[in-house]
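Quick note on labels: first sequence line is chain A, next is B, and so on, each numbered from 1.
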2 protein chains.
Amino acid sequence: MKVKNRPNEIEIVIIEDEQDMLELLEYIFQKEGYRVTGFLSTDKVEQFLEEENPSILIVDRNLPKVDGADFVANLRKLGYAIPVIFLTAKDRDSDIIEGFDSGGDDYITKPFKPKELLARVSAVLKRSGISQYDKLKYRDIVIDCKSQDVMVGDAYVNLTNLEFKLLELFIKNSHQVLTRDFLRDAIWEDDGDFNDKTINVALSRLKKKIDPKEDKNYFTPIWGVGYKLT
Amino acid sequence: MKVKNRPNEIEIVIIEDEQDMLELLEYIFQKEGYRVTGFLSTDKVEQFLEEENPSILIVDRNLPKVDGADFVANLRKLGYAIPVIFLTAKDRDSDIIEGFDSGGDDYITKPFKPKELLARVSAVLKRSGISQYDKLKYRDIVIDCKSQDVMVGDAYVNLTNLEFKLLELFIKNSHQVLTRDFLRDAIWEDDGDFNDKTINVALSRLKKKIDPKEDKNYFTPIWGVGYKLT
DNA sequence: TTATTAAGATAACAATTTGATTACATTCAA
DNA sequence: TTGAATGTAATCAAATTGTTATCTTAATAA
């Protein structure tokens, strides 16, 4: 299956007991570029939250064992502050109210329009200060500007601040030649005497960290001008 | 008599000209644990806002002298961003729209169900980032923002006020790099001269208390930038 | 093509900066 | 006034970054 160009790596957790509905939801969100983890019950969710750090929960209120709202209320009691959107077939006032009360950030009634669902998720994420633009992607590199985490393939790479700033700048200006002057102004804020080779060395170190096998050729030197990311 | 502002106790201001209704509203919110200040007119409200810092305004649109919506529009003009919910007996579209236009975050039509009112207040507060949940969790740390209790694993840890504020800030912004500048502004609100190392020392003390064996590595220093909780 | 030259890559070294920690001083609140 | 909390100074350790030197690569002209 073709994976659509992913603008972000925001992780969504869905709890929905109906297999068909769960698959539909997974499809909707994955198509939008979210990373989705689905659960048919609340059983393993708490454990999952311990280990991962998803950005939002989508919870069906009508789950077989526990009421979704109770489950979320319990999560809140335990200290989880993750945003929640409830899915519910009911639309009686009492249910909606209870949903909000137990710590939901929004709710959607089934049947729903996929677009509306996506819009609400988007709105809740925005309110929670989670932006899809915090993460930048380039080839197999994903950098998170808020955490300064860098993933190459599926491995974390430790970069220094200088290296991170460099990589960020290149990714934000990918496919453009960044001249040495530009780099100097942007990263080093020139202090008069500036050794030509400083940039070479800094880039060399960066290359070595994100591509230790030296077979990816992220950077192309433009002779006498600068570099570009390719 | 003025009661000292307790941290994390949410304060609600109600403006309602009918004495009975005001008392009912005060009762409803107080029962839910909110701190309530009621006004029979808009007269003293602005002065009150100068001094206190309530989390939300509940405003009747049909006030004797001024229209509630006009009053709120004026507040907005003055720069108050406090969330507002309108109470209104009217329900024609034009009124509702006017209410939103003048800076309301939600509205409720009388007669209302107490539960619905509470739910809407709750939702608006949540949208504004004001949480009524006082527990936050991060890995094996649970902090109670109200009592300032801190549990690590299953042991209570005694933190000083400064240490608690630091930990709370980091947990609320986990997985993000908090720069030294940010920390200084958020915790120390400093006045110019500020010893660089104050942050190091404060964090060092915090680390020692929540991780005396030094094997948990809650904090990762980002060299030359700040720290993040991981 | 080949020699020449300017630029790029990289390793090793050194300087500098920053972080951690301890001990001590000061402040603040009971 | 006293003790806890917090800021400051000093020391040590470690990480980052710039510099230098050497080698490699690419452009250019004879």
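- The nucleotide whose nearest atom lies closest to any side-chain atom of B:W223 is, among C:dT22, D:dA15, C:dA9, D:dA15.
- Nearest-nucleotide positions on DNA chain C place A:K207 closer to the 5' end than the other of B:K207 and A:K207.
- We find that B:K65 and B:D43 are joined by a salt bridge, their nearest charged nitrogen and carboxylate oxygen being less than 4.0 Å apart.
- The shortest distance between the side-chain N/O atoms of B:T160 and the OP1/OP2 oxygens of D:dT6 is below 4.0 Å.
- Between A:R180 atom CZ and C:dA6 atom P there is a gap of 16 Å when expressed in whole angstrom units.
- Here the closest heavy-atom approach between residue A:Y138 and residue A:S174 is recorded as CE1-CB, 3.6 Å.
- In summary, A:K126 and A:D105 do not engage in a salt bridge, as defined by a charged side-chain N under 4.0 Å from a carboxylate O.
- Among the heavy atoms of the strands lying under 4.0 Å from B:Y227 are primed sugar atoms or P, OP1, OP2 only; no base atom is included.
- The distance from atom CG of B:N200 to atom C1' of C:dT17 is 12 Å, rounded to the nearest whole Å.
- Comparing atom distances between the A:R205 side chain and each of C:dG8, C:dT10, C:dA12 picks out C:dA12 as nearest.
- Residues A:L159 and B:K209 both approach DNA chain D. Their nearest nucleotides, taken by heavy-atom distance, put B:K209 toward the 5′ side.
- If you take CG of A:L206 and P of D:dG18, they are 13 Å apart, rounded to a whole angstrom.
- Between D:dT20 and A:N195, a contact under 4.0 Å exists linking OP1 or OP2 to a side-chain N or O.
- Contact between the side-chain N/O atoms of B:T198 and the OP1/OP2 oxygens of D:dT6 is not found at any separation under 4.0 Å.
- In this structure, the nucleotide among D:dG18, D:dT8, C:dA11 sitting nearest to the side chain of A:W188 is D:dG18.
- Across the protein-nucleic acid pair, B:N161 atom CG and D:dG7 atom P stand 11 Å apart, rounded to whole Å.
- Look at CD1 on B:I222: it is 16 Å from C1' on C:dT17, rounded to the nearest Å.
- We find that NZ of B:K208 is positioned 16 Å from P of D:dT6, with the value rounded to whole Å.
- Residues A:Y218 and A:D140 bring a donor and an acceptor atom of their side chains to less than 3.5 Å of each other.
- With 3.5 Å as the limit, one finds a donor-acceptor pair spanning the side chains of B:Y80 and B:E50.
- B:K197 comes within contact range of at least one nucleobase, with a heavy-atom separation under 4.0 Å.
- When each of D:dT19, C:dA9, C:dT21 is scored by its nearest atom to the side-chain atoms of B:V201, the top-ranked nucleotide is C:dT21.
- Look at CD on B:E214: it is 16 Å from P on D:dA13, rounded to the nearest Å.
- One can place CD of B:E163 at 8 Å from P of D:dA5, the figure rounded to the nearest angstrom.
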